[in-house]
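Read the structure below first, then the notes.
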Amino acid sequence: MATPDFIRELRRSAGHQLLWLPGVSAVVLDERDRVLLVRRSDSGAWTLIGGIPDPGEEPGEAIVREVYEETAVRVALERVLSVGATPPVEYPNGDRCQYMSICFLARWTGGTARVNDDESSEVGWFPLDGLPPLDGLQLERIARARSGEAATWFAPPVSERVSG
């Protein structure tokens, strides 16, 4: 994901130390219940769409914006799937972040999926029985979207949490 300007400003004084940031993501489904995924330019991994809300931006507005910016797809939000802290991430430049992430279920309302920014190298719709390799948290979010269960709070295993 591209680094927002407000985080670049924070990094000037914080250096590479761990930053606690808001994050949003979405399981986007189309009319055939296919999942919209992006292949990240930086890692080559297929992922759900996600990003960081701008200061003062509502989480729901942020993920609708992120989906459009990354894929040119318009969506309507249906519900919150999960809320919780993700495991810490260290980026190739040494920056460390941990996200308080809100994941939404969203439905396609328009637009043709395509690479719409430099954060992704590919964009595609995938049937549930034909997903590319995804990490466990993303698979859990997709399963929750399909289950109809209420939102969940999650926490990574203790071994993945940052200590003091």
Side-chain angles (χ1 to χ4, degrees), residues 1-7 21-89 91-92 97-157 160:
M1 90 182 48
T3 304
D5 291 339
F6 78 94
I7 294 175
L21 298 170
V24 291
S25 64
V27 176
V28 178
L29 300 175
D30 70 1
E31 71 282 359
R32 297 186 339 208
D33 280 343
R34 296 178 303 169
V35 179
L36 182 62
L37 299 173
V38 296
R39 185 187 292 265
R40 292 179 56 110
S41 295
D42 58 355
S43 68
W46 284 99
T47 67
L48 297 170
I49 294 114
I52 298 171
D54 292 329
E57 185 178 30
E58 291 292 331
E61 292 172 355
I63 193 57
V64 168
R65 174 184 53 77
E66 288 285 345
V67 170
Y68 183 77
E69 285 178 358
E70 294 183 25
T71 68
V73 165
R74 299 282 184 196
V75 297
L77 301 181
E78 292 192 352
R79 63 188 172 94
V80 172
L81 296 174
S82 62
V83 177
T86 65
V89 177
Y91 293 98
C97 299
Q98 188 168 10
Y99 297 94
M100 172 56 69
S101 179
I102 302 171
C103 184
F104 295 88
L105 171 59
R107 287 282 175 181
W108 171 86
T109 60
T112 301
R114 64 179 169 84
V115 173
N116 204 36
D117 65 12
D118 61 357
E119 295 180 37
S120 304
S121 60
E122 293 180 68
V123 171
W125 292 102
F126 292 86
L128 295 172
D129 62 355
L131 296 172
L134 297 169
D135 69 36
L137 182 58
Q138 292 180 77
L139 291 172
E140 179 183 317
R141 289 171 174 176
I142 292 168
R144 181 160 295 281
R146 299 302 305 135
S147 74
E149 293 177 19
T152 186
W153 304 95
F154 64 89
E160 295 179 3

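Small disclaimer: the values here were computed from a predicted structure and weren't measured.
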Tell me the closest heavy-atom pair linking [X] and [Y], and the distance in Å.
X    : Y    : value
G50  : I63  : CA-CD1, 4.2 Å
I142 : L131 : CD1-CD1, 4.1 Å
Y91  : C97  : CE1-SG, 4.0 Å
S121 : S41  : N-OG, 3.4 Å

Could you go through the side-chain contact (heavy atoms from CB on, under 4.5 Å) check for S101 and R141 one step at a time?
CA-CA 12 Å; S101 179; R141 289 171 174 176; 3.2 Å; yes
Heavy-atom side-chain proximity of [X] to [Y] below 4.5 angstrom:
X    : Y    : value
E66  : I52  : no
L37  : P132 : yes
D33  : R146 : yes
V123 : R114 : no

I'd like to know if the side chain of [X] and the backbone of [Y] have a donor-acceptor N/O pair within less than 3.5 Å.
X    : Y    : value
D30  : L36  : no
Q98  : T86  : yes
Q138 : L48  : yes
R32  : P127 : no
T109 : R74  : yes

Do the charged groups of D129 and R34 touch, with an N to O distance under 4.0 Å?
no
Could you go through the side chain to side chain donor-acceptor pair (under 3.5 Å) check for R144 and S82 one step at a time?
CA-CA 9 Å; R144 181 160 295 281; S82 62; over 6 Å; no
